[in-house]
Asks: 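Dropping a structure here in structure tokens format, bear with me for questions.
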Amino acid sequence: MIKVGVFGASGRVGKLIIEDLKQSEGMQLSAVYARRELDFGIDPSVLVTSEMDALLRASDVVIDFSLPEACEKLLEATLNNPTPLVIGTTGLSVHQLNLLKEASQRMPVLYATNMSLGVALLNKLVYQASQALRDFDIEIVEMHHRHKKDAPSGTALTLAESAAKARGLELDEVRVSGRDGNIGERSKDEIAVMALRGGDIVGRHTVGFYNDGEFIELNHTATSRNTFSKGAIRAARWLVEQKEGLYSISDCLGL
Ligand code: NAD
């Protein structure tokens, strides 16, 4: 039985992971981290703790869907207590990403800004299209619910990175995050990544390739957060079998 710990357990995705684990054969929820009392019922066999080390010790693998500052604390704790980690938290800073790389030298870490199969494939398609459609302008639009804190989404940035990499560009040098006023014409290599927020949209990403006379748009829409929770559980099952290292969702899916 694989013992799974959940970090960010009271969040939108965390709660679904707890529910979905009940249907996951060979896996059981062993511990959740909670800063204060949980606002939902949980099986009494599950350890509810506000101590990071206790969460890690009770788990064969920990799934994290929290906030960047919280994820940082979790990563720091694993330096003393290496435990396989599936990280879904987005908006990580350069320092936090470096910490993640450091941790992955001691244990397997899977980091994915999107746990869905569809987006993993979309990343591959964006890479291919960016190479094949050399002269097309690339623009990315993402839409999420009104509660989302980071912008643009981690998924949109990952898609933009795939596009830039396919064309041998550094994303930091070509990314545009807004257009307003008399800014002049679009430059050839720029890739805009725009974020819209509203309502209860789970997640929608469109990568467009625009040329004179034609355009093509690749679109992915998540209609349920279970896509992410189930994807994270599938990743955790796979990750416990791996040796230390940093893995992506494509590694797990064999894409
Ligand atoms: P949420 O706001 O509903 O939940 C956040 C959770 O983090 C809560 O349980 C909260 O208690 C916990 N938390 C916040 N600060 C903390 C701290 N200092 N210490 C410990 N715990 C803390 O958010 P959500 O919608 O569930 O999303 C969580 C994260 O996952 C976000 O970064 C979001 O962008 C990302 N996300 C990733 C994917 C993916 O597939 N990778 C999909 C959806 C969301």
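Note that the structure is predicted; figures quoted are calculated from it, not measured. When reading the values below, keep in mind they use all heavy atoms of this one structure, side chains included, and skip hydrogens, waters and symmetry mates. Every number for a ligand or one of its atoms is a count from 1 in the order of the listing.
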Asks: Under the criterion side-chain contact (heavy atoms from CB on, under 4.5 Å), which of Val62, Val48, Val32 is the partner of Leu55?
Replies: Val62
Asks: If you measure every N or O of Ala70 against every N or O of ligand 1, does any of those distances drop under 3.5 Å?
Replies: no
Asks: For ligand 1, which is the ligand I care about here, please tell me if Tyr33 has any N or O atom under 3.5 Å from one of the ligand's N or O atoms.
Replies: no
Asks: Is any N or O atom of Thr90, backbone or side chain, closer than 3.5 Å to an N or O atom of ligand 1?
Replies: yes
Asks: Would Glu69 count as a contact residue for ligand 1, given that I'm defining contact as a non-hydrogen atom of the residue lying under 4.0 Å from a ligand atom?
Replies: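 No.
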Asks: Between Met115 and ligand 1, does any nitrogen or oxygen pair lie at a separation below 3.5 Å?
Replies: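 Yes; at least one N/O pair falls below 3.5 Å.
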Asks: Identify the protein heavy atom lying closest to atom 25 (O) of ligand 1, giving its residue, its atom name and the separation to 0.1 Å.
Replies: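 Closest protein heavy atom to atom 25 (O) of ligand 1: Arg12 NE, 3.0 Å.
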Asks: Is Ser10 in polar range of ligand 1, meaning some N or O pair under 3.5 Å apart?
Replies: yes
Asks: Tell me whether the rings of Phe215 and Tyr210 are parallel (<30°), tilted (30 to 60°) or perpendicular (>60°).
Replies: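 Aromatic pair Phe215/Tyr210 classed tilted.
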Asks: In terms of hydrophobic clusters joined by side-chain contacts under 4.5 Å, are Val46 and Val86 together?
Replies: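 Looking at the clustering, Val86 is in the same group as Val46.
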Asks: Contact between Ala112 and ligand 1, counting heavy atoms under 4.0 Å?
Replies: yes
Asks: Where does Phe228 meet ligand 1, judged by heavy-atom distances below 4.0 Å: at the side chain, the backbone, both, or neither?
Replies: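 The side chain, only.
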Asks: Just let me know how Lys73 lines up against ligand 1, side chain, backbone, both or neither, with a heavy-atom cut-off below 4.0 Å.
Replies: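 Neither part.
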Asks: Report yes or no: does Lys149 have a heavy atom closer than 4.0 Å to ligand 1?
Replies: yes
Asks: Under a heavy-atom criterion of less than 4.0 Å, does Lys148 contact ligand 1?
Replies: yes
Asks: Does Glu51 have more than 12 heavy atoms from other residues, nucleotides or ligands lying within 6.0 Å of its CD?
Replies: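 For Glu51, atom CD is not crowded (no more than 12 foreign heavy atoms under 6.0 Å).
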Asks: Within a 6.0 Å radius of atom NZ on Lys148, are there more than 12 heavy atoms belonging to other residues, nucleotides or ligands?
Replies: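 Above 12, so yes.
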Asks: Looking only at distances, please establish whether an N/O atom of ligand 1 is found under 3.5 Å from an N/O atom of Gly11.
Replies: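 Min N/O separation from ligand 1 is below 3.5 Å for Gly11.
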Asks: Does atom CZ of Arg36 have more than 12 heavy-atom neighbours from other groups under 6.0 Å away?
Replies: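 Result for CZ/Arg36: open.
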Asks: What do the steps show when you test Glu170 against Lys165 for salt bridge (charged side-chain N to carboxylate O under 4.0 Å, His left out), and what is the final call?
Replies: CA-CA 7 Å; Glu170 282 297 322; Lys165 200 167 159 205; over 6 Å; no
Asks: Has ligand 1 got any nitrogen or oxygen that is less than 3.5 angstrom from a nitrogen or oxygen of Gly8?
Replies: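 Yes.
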Asks: Might you point out which heavy atoms bring Gly88 and Met115 nearest each other, and give the distance in Å?
Replies: CA-CE, 3.8 Å
Asks: Any N or O on His145 sitting closer than 3.5 Å to an N or O of ligand 1?
Replies: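 By distance alone, the answer is no.
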Asks: Could you tell me whether Asp150 approaches ligand 1 through its side chain, its backbone, both or neither, with non-hydrogen atoms closer than 4.0 Å?
Replies: side chain
